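Working notes, structure below.
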Amino acid sequence: MVTRDYRVDPDLLKQAAVAEQEDPDRLLRRITAGRVVIPANPRRERAACPVGEGCRVKVNVNVGTSQDLCDPEMEREKAAAALAAGAHALMDLSTGGDLRAVRQMILSFPAPVGTVPVYEAVRRAGNVADLDADLLFRVIREHCEQGVDFLTLHCGVNREVVQSLRDDPRTMGVVSRGGSFHTAMMIARDEENPLWSEFDYLLEILTEYEVVASLGDGMRPGCHDDAMREAKTTEYLNLGRLSRKAHEAGVQRMIEGPGHMPLDQIGYNVRMIKELTKMAPLYLLGPLVTDLAAGYDQISGAIGGAVACQHGANFLCMVSPSEHLGLPRIPDIIEGTRACLLAAHVGDLVQRNAAALDREIRMGKARRDLDWDRQYSLSLFPDRAREIHERDA
């Protein structure tokens, strides 16, 4: 196998190495091996945010308008609140209003930004049955041209996956919006998913714009009972094949993983995805370890995220308290981000990140010395720590 050289801007590599307290040459070797990605479209400025082996676990927060609540200013405030709370990346999942304008607003923040192009493609087509490959690829190209750093692309949802859904039905069916769009598109048009059948063309676009492919988990389980159904595993196998093709083409890629999953199944699933994809960076929603935590799903997701990191996950997507219940407001964003950051820090510890371990050692000494200011500064959430300690003073 001959792998093409990865194009990594030297200044970006240096910034990423400084951020991770890592040797640039070692970091570059991991990028070349496909174990680290740096989402960084050269068409815009943002903080260097390497994701993958040897890097700190990163946290993404989803924002975006909907047809039910289209308030771009609220989404701006959510994005600002997420980054102020410590998030490393944003995803714009907007489906309502002027999508390009909302996306441009989210892209104005100095963090990596991802999107799911099929959302806009379906809206522009009018319905899934009228969405064709030309429109889908045109929207993907437009997102790249606008400066998006990583794209969630449900390339692994193909006819074989649809047959798995029929052979082994699930309680919740397809809960991924992108996965459901591609499934419906294939059934309505009696055609293969173009992101699967024309994957080589997709790689040409991503190569041209230097955008990271986030190979989406269209068959992620939507409830505890669906975690062992066949469709998920069929998609894993497809993602493994696509991951290798992308790597051989010199395209940076990461893999998206399951949503709802019993605690004891997380390690097995993470290790299987890692093995199938040759240790590509893994991006997870949760996983949520119970379906019964409505109103506290941020805790369920943090538990699952920490366990996933123990087995090699690299990137966690925030789950808010309003998950399954309603659209998140700013307090939900802050609470969910903090819970996810806690899981990410636990992940750093189990992955033996030197800076995280040193911080724990320094906190122990600060507590021994009753040095409250140092304890506040070392806490993941200094303002909250200070507020609680000083409220009875």
Side-chain angles (χ1 to χ4, degrees), residues 62-76 90-107 113-148 150-163 165-166 170 172-202 204-206 208-209 211 213-220 222 231 235 238 256 259 326-328:
N62 294 338
V63 296
T65 60
S66 73
Q67 295 178 352
D68 296 327
L69 181 60
C70 184
D71 185 344
E73 184 56 34
M74 179 187 293
E75 300 312 313
R76 182 195 301 275
L90 300 168
M91 283 201 78
D92 175 23
L93 306 185
S94 293
T95 58
D98 184 336
L99 300 185
R100 182 176 180 84
V102 174
R103 188 162 57 248
Q104 191 62 48
M105 178 268 289
I106 300 298
L107 286 166
V113 172
T115 60
V116 189
V118 72
Y119 292 2
E120 181 173 357
V122 170
R123 177 174 160 175
R124 283 163 61 170
N127 60 71
V128 173
D130 290 333
L131 174 60
D132 60 20
D134 287 343
L135 176 56
L136 180 56
F137 283 116
R138 187 159 65 249
V139 172
I140 289 171
R141 186 177 289 276
E142 289 173 6
H143 284 219
C144 293
E145 288 175 344
Q146 198 172 355
V148 173
F150 62 100
L151 301 176
T152 289
L153 302 161
H154 299 86
C155 308
V157 180
N158 64 0
R159 285 182 157 180
E160 186 180 7
V161 168
V162 173
Q163 188 59 49
L165 285 169
R166 295 185 175 123
R170 310 202 300 186
M172 289 289 293
V174 183
V175 300
S176 158
R177 179 180 291 171
S180 67
F181 283 155
H182 282 286
T183 299
M185 178 185 178
M186 285 186 286
I187 294 172
R189 299 177 65 86
D190 192 27
E191 295 175 356
E192 183 58 273
N193 177 2
L195 297 186
W196 170 267
S197 60
E198 300 181 51
F199 188 66
D200 288 340
Y201 176 55
L202 174 63
E204 290 178 12
I205 296 174
L206 298 174
E208 178 182 352
Y209 291 98
V211 170
S214 187
L215 299 178
D217 54 338
M219 294 298 121
R220 68 173 183 267
E235 186 181 31
N238 287 342
E256 298 185 13
L327 296 170

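The figures that follow rest on heavy atoms only: side chains count, while hydrogens, waters and symmetry mates do not. What you see is a predicted model; the values in this text were computed from it and never measured.
In this structure, CE on Met219 lies 10.5 Å from CG on Asn238, to the nearest 0.5 angstrom. Separating the CG atom in Asp71 from the CG atom in Leu327 is a distance of 11.0 Å, to the nearest 0.5 Å. Taking CZ from Arg138 and CD1 from Ile205, the interatomic distance works out to 11.5 Å, rounded to the nearest 0.5 Å. One finds the OH atom of Tyr201 at 9.0 Å from the CD1 atom of Ile140 (value rounded to the nearest 0.5 Å). In this structure, CD in Gln146 is found 5.5 Å from CG in Leu107, a value given to the nearest 0.5 Å.
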* To do: Would you check, one step at a time, whether the test side chain to side chain contact (heavy atoms under 4.5 Å, CB included) holds for Arg177 with Val116?
  => CA-CA 10 Å; Arg177 179 180 291 171; Val116 189; over 6 Å; no

* **Verdict with reasoning, Asn193 to Val161, per side chain to side chain contact (heavy atoms under 4.5 Å, CB included)** => CA-CA 11 Å; Asn193 177 2; Val161 168; over 6 Å; no

* To do: Decide yes or no on side chain to side chain contact (heavy atoms under 4.5 Å, CB included) for Thr115 and Ile106, but give the supporting numbers first.
  => CA-CA 10 Å; Thr115 60; Ile106 300 298; over 6 Å; no

* Start with the C-alpha gap between Leu69 and Met74, add the side-chain angles, then the distance that decides, and say whether side chain to side chain contact (heavy atoms under 4.5 Å, CB included) holds. => CA-CA 10 Å; Leu69 181 60; Met74 179 187 293; 4.1 Å; yes

* Does the salt bridge (charged side-chain N to carboxylate O under 4.0 Å, His left out) test come out yes or no for Asp130 and Arg124, once each step is laid out? -> CA-CA 9 Å; Asp130 290 333; Arg124 283 163 61 170; over 6 Å; no

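Ring geometry for His182 versus His154: interplanar angle of 30 to 60°, hence tilted.
Between the side chain of Arg220 and the backbone N or O of Glu256 there is no donor-acceptor pair closer than 3.5 Å. When atom types are taken as modelled, the side chain of Arg159 and the backbone of Asp190 share a donor-acceptor pair closer than 3.5 angstrom.
Residues Arg141 and Glu208 meet the side-chain proximity criterion, which asks for heavy atoms closer than 4.5 Å. No side-chain heavy atom of Glu191 sits less than 4.5 Å from a side-chain heavy atom of Met186. Side-chain atoms of Val118 and Met185, non-hydrogen and from C-beta on, never get closer than 4.5 Å to each other. Side-chain contact between Asp92 and Met105: absent, with no pair of heavy atoms (C-beta onward) separated by less than 4.5 Å. The closest side-chain heavy-atom distance from Ser176 to Asp217 is not below 4.5 Å. Two residues are said to be in side-chain contact when any heavy atoms from C-beta on lie closer than 4.5 Å; Asp132 and Arg189 meet this criterion.
For the side-chain contact (heavy atoms from CB on, under 4.5 Å) with Glu235, the lone residue among Leu215, Val157, Asn158 that qualifies is Val157.
When the shell of 6.0 Å around CD of Glu73 is examined, it contains more than 12 heavy atoms from other residues, nucleotides or ligands. Within a 6.0 Å sphere centred on CE of Met172, other residues, nucleotides and ligands contribute 12 heavy atoms or fewer.
A pairwise comparison of heavy atoms in Phe137 and Leu195 identifies CE2-CD2, 3.9 Å as the closest pair. Heavy-atom minimum distance, Gly156 versus Trp196: CA-CE3, 4.4 Å. The minimum heavy-atom distance between Tyr119 and Thr95, with the atom names listed, is CD2-CG2, 4.1 Å. The shortest heavy-atom contact between Leu90 and Phe150 is O-CZ, 4.0 Å. In plain terms, the two heavy atoms of Leu202 and Cys155 that are nearest each other are CD2-SG, 3.6 Å. Closest of all the heavy-atom pairs between Leu151 and Pro117 is CD2-CG, 3.9 Å.
The residues Arg100 and Glu120 are annotated as not salt-bridged, no charged nitrogen and carboxylate oxygen being separated by less than 4.0 angstrom. At a threshold of 4.0 Å, the pair Arg103-Glu142 does not count as salt-bridged, since none of the basic side-chain nitrogens sits closer than that to a carboxylate oxygen.
Side-chain contact annotation: Glu75 with Ser94, donor-acceptor N/O pair under 3.5 Å absent.
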